[in-house]
Amino acid sequence: PMQHFIYSDISANTLTNDLHYTDRCMDVFTNHFGEYPFKNEKYGHAMFSWGGGMEHQTISSMIRFTPGLVAHELAHQWFGNKVTCGSWRDIWLNEGWASYGEYLHRQYVISQTSASDWMTNTHNSARSATTGSVYVPASGITNVNRIFSSQLTYKKGAAVLHMLRNEIDNDSLFFGGVRQYLNAKRHSVATTDEFRQIMEQYTGAPLVDFFQDWVYGEGHPTYNVRWNWRD
């Protein structure tokens with residue numbers, strides 16, 4: 001069942017429209033990530049009185065049920081609750097994936113145009129962080145703002161996953177590898193390197209250089225291109 005605990009006087013029509021995204025996102029994520037991890041219990045929402053959301057197992061808390069936030073917290077049921085990060089250094093495996101859930105929700109529930117606009121904004125945010133890696137350095141594991149950096153952990157994490165999807169260039173392989181990762185590490189913790197290894201083994205793609213550049217590396221590459229043309 002899906003259960004929603006609401007204390008506000010938000011109009012029934014508004015709630016119905018917003019919460020309707022839960023069912024649709026559940027279908028998308030089940031198709032791509034595998035079976036909802038807590039299907040024998042429930043899923044739902046509990047309203048609370050401050051901004052953002054929190055992905056408690058089986059019931060996420062939030063103040064407003066906007067489609068993006070609904071998608072983000074639901075994706076955490078797989079990435080964070082079924083499998084959680086091995087350390088704060090690997091937090092992008094939780095938050096980057098939940099953020100990419102926002103993209104997938106737009107791609108499959110709203111439109112590709114909406115998803116592309118979201119990714120453009122995500123790229124712009126990630127590129128504005130000219131230093132710092134997706135993978136949290138040892139010096140950052142006691143800094144809450146660094147651990148939960150919107151630009152690096154959330155936005156760049158999601159952008160890197162989108163790049164990885166395109167690098168593999170086969171959705172059956174990409175999402176098959178993701179399901180393999182979630183099943184192999186279910187009810188446990190996972191590190192960034194374990195995620196890479198499982199994706200490599202499943203897809204056959206060499207990913208060491210990709211992860212070195214985009215997950216462990218800082219900023220983004222810039223290129224100087226020279227060309228000439230002859231008739």
Among all residues two or more places apart in sequence or in another chain, which pass the side chain to side chain donor-acceptor pair (under 3.5 Å) test with [X]?
X: Ser111; result: none
X: Ser60; result: Tyr43
X: His220; result: none

For the student: nearest non-hydrogen atoms of [X] and [Y], plus distance:
X: Ile168; Y: Ala205; value: CG1-CB, 4.4 Å
X: Ile91; Y: Ile147; value: CG2-O, 3.4 Å
X: Ala158; Y: Ser99; value: CB-CB, 3.8 Å
X: Lys39; Y: Glu35; value: CE-OE1, 3.2 Å
X: Leu69; Y: Gly52; value: CD2-O, 3.6 Å
X: Val28; Y: Val109; value: CG2-CG2, 3.8 Å

Contact between [X] and [Y] at the side-chain level, heavy atoms closer than 4.5 Å - yes or no?
X: Glu194; Y: Val189; result: no
X: Lys155; Y: Asn121; result: no
X: Asp27; Y: Tyr108; result: no
X: Tyr154; Y: Ser125; result: no

Problem - Ring centres under 6.0 angstrom apart (His4, Phe65) - result: no
Exercise for the section: Among residues two or more places apart or on two chains, list those pairs meeting side-chain hydrogen bond (donor to acceptor under 3.5 Å, both in side chains) that have a residue in residues 66-75. Expected result: His72-His76, His72-Glu95, His72-Glu102
Handout entry: Inter- and intrachain pairs under salt bridge (charged side-chain N to carboxylate O under 4.0 Å, His left out), touching residues 199-220, at least two apart
Key = Arg196-Glu200
Exercise for the section: Would you mind listing every salt bridge (charged side-chain N to carboxylate O under 4.0 Å, His left out) that reaches into residues 103-131, with sequence neighbours excluded? Expected result: none
Please list, chain by chain and in numerical order, all residues satisfying ring pair (Phe, Tyr, Trp, His ring centres under 6.0 Å) with [X], sequence neighbours excluded.
X: Tyr21; answer: His105
X: Trp88; answer: Phe148
X: Tyr103; answer: Tyr100, His162
X: Phe79; answer: Phe33, Trp97

Exercise for the section: Can you sort out the partners of Glu55 under salt bridge (Lys or Arg N to Asp or Glu O under 4.0 Å), two or more places apart, ordered by chain and number? Expected result: none
Fill in the blank from the handout: salt bridge (Lys or Arg N to Asp or Glu O under 4.0 Å) filter on Arg165, not counting sequence neighbours, yields Asp171
Looking at [atom1] of [X] and [atom2] of [Y], how far apart are the two atoms once the value is rounded to the nearest 0.5 Å?
X: Leu164; Y: Asp169; atom1: CG; atom2: CG; value: 11.5 Å
X: Phe175; Y: Leu182; atom1: CZ; atom2: CG; value: 11.5 Å
X: Tyr181; Y: Arg186; atom1: OH; atom2: CZ; value: 13.5 Å
X: Met199; Y: Phe210; atom1: CE; atom2: CZ; value: 10.0 Å

Exercise for the section: Say whether Asp90 and Thr191, considering side chains only, have a donor N or O and an acceptor N or O under 3.5 Å apart. Expected result: no
Exercise for the section: Go through the steps to decide whether Phe38 and Ile59 satisfy the test side-chain contact (heavy atoms from CB on, under 4.5 Å), and finish with yes or no. Expected result: CA-CA 10 Å; Phe38 311 104; Ile59 187 159; over 6 Å; no
Checking the side chain of [X] only, and the main-chain atoms of [Y] only, is there a donor and an acceptor separated by less than 3.5 Å?
X: Gln77; Y: Lys82; value: no
X: Tyr36; Y: Lys42; value: yes
X: Lys156; Y: Gly219; value: yes

